Amino acid sequence: QSALTQPASVSGSPGQSVTISCTGTSSDVGGYNYVSWYQQHPGKAPKLMIYEVSNRPSGVSNRFSGSKSGNTASLTISGLQAEDEADYYCSSYTSSSSNVFGTGTKVTVL
Amino acid sequence: EVQLVESGGGLVQPGGSLRLSCAASGFTFSNYWMHWVRQAPGKGLVWVSHINSDGSSTNYADSVKGRFTISRDNAKNTLYLQMNSLRAEDTAVYYCARGIYYNGLDPWGQGTLVAVSS
């Protein structure tokens, strides 16, 4: 199972919005509404930010939102804050009844 | 508080074996699927394996199939990963995580480092 494709990095100024894409195939992202997103700060464990494409777990800021179109899912961070600087990974359920992660995106707050 | 704590990592020679454990607390362990995910130094997350709530169904990434075995003891609230025939490319921090909804993983443990080297 090949990793989902994400941009290596995105950046934005405080208050701006950034969007991270996550491209897969019809066997993963495009075939199921089971895409999740994770935030990982350096040296820390990942944290679930979005599940089932667009749902936020309790406690996650509503500045984080998810969507999907075809084989590409997206995570948008609105009102960018310094604390949002981290690595972000998407993940999808697959037709092999497994999970696959994206390549990861480093978000930099300018 | 929902908590996962991994243990069992360390330095092992190529071809060797290691068993990781993940102790769960703060939730009804037997109700949830569980996962192992690894992250090589400076690299991204890679899903390794999952097991269903009663241990009757498992799945593995192709890279570890036939070498790693996931299991669980619901009486002890503990998840395991038996790793055999270890290779240098298995060097990584190994995280356990609880499966929620359909493919959400939450929370994650703090991770345990496995280093395969001679």
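These numbers come from a predicted model, not from an experiment. Just so it is clear: chains get the letters A, B, ... in the order the sequence lines come, proteins before strands, and each one is counted from 1.
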Between B:Tyr95 and chain A, which part of the residue has a heavy atom less than 4.5 Å away: side chain, backbone, both or neither?
-> side chain
How many angstroms lie between NE2 in B:His35 and OG in A:Ser98, if you round to the nearest 0.5 Å?
-> 10.5 Å
Indicate yes or no for a side-chain donor-acceptor contact from A:Asn99 to the backbone of B:Trp47 under 3.5 Å, with no hydrogens or angles considered.
-> no
Between B:Val48 and chain A, which part of the residue has a heavy atom less than 4.5 Å away: side chain, backbone, both or neither?
-> neither
Shortest non-hydrogen contact from A:Ala45 to B:Gly109?
-> CB-O, 3.2 Å
Is B:Leu45 close to A:Gln40 at the side-chain level, that is, under 4.5 Å between some pair of heavy atoms?
-> yes
Trace of the side chain to side chain contact (heavy atoms under 4.5 Å, CB included) decision for A:Tyr32 with B:Asn103 | CA-CA 10 Å; A:Tyr32 310 91; B:Asn103 86 319; over 6 Å; no
Report whether B:Leu18 and B:Tyr94 are members of the same hydrophobic cluster (ILVMFWY, side-chain heavy atoms less than 4.5 Å apart, transitive linking).
-> yes
same_hphob_cluster(A:Leu75, A:Val60) at 4.5 Å side-chain heavy-atom cutoff | yes
Under 4.5 Å between side-chain heavy atoms, hopping through other hydrophobics if needed: is there a path connecting B:Val37 to A:Tyr93?
-> no
Is there a path of hydrophobic side-chain contacts, each under 4.5 Å between heavy atoms of I, L, V, M, F, W or Y residues, that connects B:Leu20 with B:Val46?
-> no
Go through A:Tyr89 and B:Gln39 one step at a time and tell me if the side chain to side chain contact (heavy atoms under 4.5 Å, CB included) criterion holds.
-> CA-CA 12 Å; A:Tyr89 295 89; B:Gln39 186 170 36; 3.4 Å; yes
Any side-chain heavy atom of B:Asp106 within less than 4.5 Å of one from A:Tyr51?
-> no
Under 3.5 Å, is there a donor-acceptor pair between the side chain of B:Asn59 and the main chain of A:Ser96?
-> yes
Is a donor on one side and an acceptor on the other found under 3.5 Å between the side chain of A:Tyr38 and the backbone of B:Leu105?
-> yes
Say whether A:Tyr88 and A:Val35 are linked into one hydrophobic cluster, either directly or through other cluster members, by side-chain heavy-atom distances under 4.5 angstrom.
-> yes
